[in-house]
Amino acid sequence: MTTTEHVAPTTNNFLRTIIDEDLKSGKHSSIVTRFPPEPNGYLHIGHAKSICINFGLARDFGGRCHLRFDDTNPAKEELEYIEAIKESVQWLGFDWGEHLYYASDNFEQLYQWAIFLIKEGKAYVEDLNADEIRAHRGTLTEPGTDSPYRNRSVEENLDLFGRMRDGEFPDGTRVLRARIDMASPNISLRDPVLYRIIHAPHPHVGDAWKIYPMYDFAHGQSDAIEGITHSICTLEFESHKPLYEWFLDNLPVPARPRQYEFARLNLTYTVMSKRKLQELVQLGIVSGWDDPRMPTLAGIKRRGYTAAAVRAFCEQIGVGRSDSWIDVSILEECVRTDLNDTAPRTMAVLRPIKLVIDNYPAGQSEELQAANHPQKPEMGNRSIYFTREIWIDADDFMETPSKGFHRLTVGGEVKLRAGYIVKCTSVVKDEQGTIVELHGEYDPASREGIHTADGRKVKGVIHWVSAAHAVTAEVRLFDRLFSSANPDRGAADYKQFLNPGSVETLSECKLEAGLNGADLETRYQFERMGYFRQDPNDSHSGKLVFNRIVTLRDAWIKK
RNA sequence: UGAGGGUUAGCCAAGAGGUAAGGCACCUGGCUUUGAACCAGGCAUGCACGUGUUCGAAUCACGUACUCUCAGCCA
């Protein structure tokens, strides 16, 4: 890649070690990996880890990575998801080139291999129903027992399997099973189901098939067909590895891929299971799969996170085999690091309160230059305007300041960022006693620096916007969706840990005029407030809507 | 004693018999017109525990504890 992104130096991991050795020993001259999602939902940050591992390894070792849809269950899959998944992978910055595959494109070959197993006496048609099969399977501590149909003749199996394919039997009446070992301590080897009958249209191959292979019968063989060298999946598939290998050993496959497992990503303050994510959408707890609070790639993208930041995050968390919990703050820190570098600065007053500069003439205005980035003069300046009435943030004023507060107070002075030093002289309140307006004076000689005419240093610098020039916008502030670090853990319903304040909508925010009509893609730093970007769905010229991507680090608020 | 994994600092994580990388977090100090960023420094006499092998063990052996995964016609 040619990006100049910040990426933590890639540390070694067990997969890199394995690949290094395979390349060095000549076992492989180049590597082929794959990212194999089932198109049954939207991708989330956990998938991003897998994508970065698979595509990243291929990139770093000069190999290639395929995108393969593991579309073996038409009951759950949809075209919509296929498109959304492609888009997310591309958004993350990866390219499968010519190598887009579907497990369903291998259905005929898989079917022939099933027949091969039947002829070898290694597969049989099962007439038992699902409950009976379960009863025969045994338990974790007890062996299973053979099905009465286990010893059918090859001819009968061939006949029945052909009729299954022809659609002669209804769903659930028969399955094809591998004939392995009902007493195996590894349950996935107790005559696993290979094919089941599903009369449903398939998003990729239409209604060509009435029987569909299970994951186990499709995955390794698809890897072999595509010439995958390193088939990398998550740890829960580890117990399937002997089965994965059993098929490769017992079928005339064209290659011998190897499966390796890594620990899936667990992130704090969110849930990651597809079922729960879907429930949040269905119950209307979030606005959709792309709600900016969702851990989906669609949500993260809409929120304004950059792909570079997500990649840096995946690089930073590493790859291991031990169960781990990554704190969301690490993801947020990656976003800040990326945006600090690239985001132009601007000022926005989120909770406006008016400050009237009594010693500045009404109707007058003056143009000031503000740097777009304090450390990058090459990013240029922008014009802002100083006038008699300006907006400042309500949080930047305290009538009776708490200890350590160094913003504006009555009688106190503060520097307006890129502007003058102002002093607050009085407070105007309504009958209820709420502050409606502040009055103050400015020091005309204080344009440069933070020192007053008599040499004192002003402690606070605050952001502000000219009332005469400001544009009004809606700003959405997001917080974590859950108030518990592990809403998923324990017996309690995860929904009871929902954070009621996960979104706060402020509708009367005052922004610099330059933000009106700004490019939708540009991420800005609203100085002292965080990083923001327009909501791609809801923001338009008539109504500006900004999402807060992430706050700035705040050493003051922590105290 | 069903099988298979895992355990290195608060959170991740490198390490493959030669004396504990790195990142985040945290703490000091510096710099600063963002309480931001940045810079400098600090942060494991110890690698779940125990025993053994060895001149030498996070690395090897044995045992123990805790923890995760598997009993879908899901992936």
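To find a chain, count down the sequence lines: A is the first, B the second, and so on, and within it residues start at 1. If you're wondering where the values come from, they're calculated on a predicted model, not measured in any experiment. The figures here come from the full heavy-atom set of this structure, side chains too, leaving out hydrogens, waters and symmetry mates.
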Classify the nucleic acid contact of A:L128 as base, sugar-phosphate or nothing, counting any heavy atom under 4.0 Å across all strands shown. base

Please determine, for the side chain of A:E238, which listed nucleotide (B:G35, B:G4, B:C68) has the closest atom? B:G4

Taking atom P in both B:A14 and B:C60, what distance in whole Å separates the two? 15 Å

Partner of B:A9 by Watson-Crick or G-U wobble geometry, both contacts under 3.5 Å, or none? none

Say we look at B:A16 and B:G23: how far apart would their C1' atoms be, to the nearest angstrom? 23 Å

So A:Q525, base contact, sugar-phosphate only, or nothing? Heavy-atom distance under 4.0 Å. base

Under 4.0 Å between a side-chain N/O of A:R196 and OP1 or OP2 of B:A75, yes or no? yes

Ion pair check, A:K276 and A:D488, cut-off under 4.0 Å: yes

Among B:C24, B:A71, B:C73, the one nearest any side-chain atom of A:L140 is B:A71

Which part of the nucleic acid, if any, lies within reach of A:G404 when heavy atoms closer than 4.0 Å are counted: base, sugar-phosphate only, or nothing? base

Compare the minimum distances between each of B:U34, B:C12, B:G15 and the side chain of A:V461, then state the nucleotide with the smallest one. B:U34

In plain terms, say whether A:D395 and A:R351 are close enough for a salt bridge, that is, a side-chain N and a carboxylate O under 4.0 Å apart. yes

Nucleotide nearest A:E38 when distance is taken to its side chain, options B:G15, B:C73, B:A75: B:A75

Any salt bridge between A:R264 and A:E236, counting N to O under 4.0 Å? yes

Establish, yes or no, whether a centroid distance under 6.0 Å links the rings of A:Y442 and A:F386. yes

Answer yes or no: side-chain N or O of A:H136 and base N or O of B:A71 forming a donor-acceptor pair under 3.5 Å. no

Supply the atom-to-atom distance A:N54 CG to A:F262 CZ, rounded to the nearest 0.5 angstrom. 7.0 Å

May I have the step-by-step check of side-chain hydrogen bond (donor to acceptor under 3.5 Å, both in side chains) for A:E80 and A:Y42, ending in yes or no? CA-CA 9 Å; A:E80 176 197 348; A:Y42 289 82; 2.6 Å; yes

Distance below 4.0 Å between A:R321 side-chain N/O and B:U69 OP1 or OP2: no

Describe the nucleic acid contact of A:N40 in one word from base, sugar-phosphate, nothing, applying a heavy-atom distance below 4.0 Å. nothing

So, OP1 or OP2 of B:A13: does either fall under 4.0 Å of a side-chain N or O from A:S322? yes

Hey, is A:Y215 stacking on B:A75? Ring centres under 5.5 Å, planes under 30°. no

Within less than 4.0 Å of OP1 or OP2 of B:A36, is there a side-chain N or O belonging to A:R553? no

Describe the nucleic acid contact of A:I317 in one word from base, sugar-phosphate, nothing, applying a heavy-atom distance below 4.0 Å. sugar-phosphate

So if I take residues 177-189 of chain A and measure heavy-atom distances to RNA chain B, which residues fall below 4.0 Å? A:P185, A:I187

Any donor-acceptor pair under 3.5 Å between the side chain of A:Q375 and the base of B:A36? yes

Using a 4.0 Å heavy-atom cut-off, does A:F262 contact any base of the nucleic acid, only the sugar-phosphate backbone, or nothing at all? nothing

Heavy atoms under 4.0 Å, any strand shown: does A:R345 hit a base, just sugar-phosphate, or nothing? base

Are any of A:R447's side-chain N or O atoms less than 4.0 Å away from OP1 or OP2 of B:U33? no

For a quick check of understanding: with a heavy-atom distance under 4.0 Å over all strands, which category does A:A418 fall into, base, sugar-phosphate or nothing? base

Can you see if the side chain of A:N12 gets near the phosphate of B:G15 - specifically, an N or O under 4.0 Å from OP1 or OP2? yes

Pair A:K459 + A:E413, salt bridge at N-O below 4.0 Å: no

Below the 4.0 Å mark, does B:G72 have OP1 or OP2 next to a side-chain nitrogen or oxygen of A:R134? yes

Using a heavy-atom cut-off of under 4.0 Å over every strand shown, decide if A:M214 touches base, sugar-phosphate, or nothing. sugar-phosphate

Taking the six-membered ring of A:F169 (Phe, Tyr or Trp), confirm whether the NZ or CZ of A:R174 is under 6.0 Å from its centre and within 45° of its axis. yes

Need one value for A:I197: base, sugar-phosphate or nothing, where a base atom within 4.0 Å counts as base even if backbone is also close, heavy atoms only. nothing

Has A:R407 got a side-chain N or O lying under 4.0 Å from the OP1 or OP2 atom of B:G35? no

How many angstroms lie between atom CZ of A:R336 and atom CG of A:L331, to the nearest 0.5 angstrom? 10.5 Å

Name the pairing partner of B:G4, where a pair is Watson-Crick or G-U wobble with both distances under 3.5 Å, or state none. B:C68

Under 4.0 Å between any heavy atoms, over every strand shown, what does A:R137 touch: base, sugar-phosphate, or nothing? Just pick one. sugar-phosphate

Less than 4.0 angstrom from a charged side-chain N to a carboxylate O is my criterion; do A:E238 and A:K241 meet it? no

Pick base, sugar-phosphate or nothing for A:H406, based on heavy-atom distances below 4.0 Å to the nucleic acid. base

Taking any heavy-atom pair under 4.0 Å as a contact, classify A:T17: base, sugar-phosphate, or nothing. base

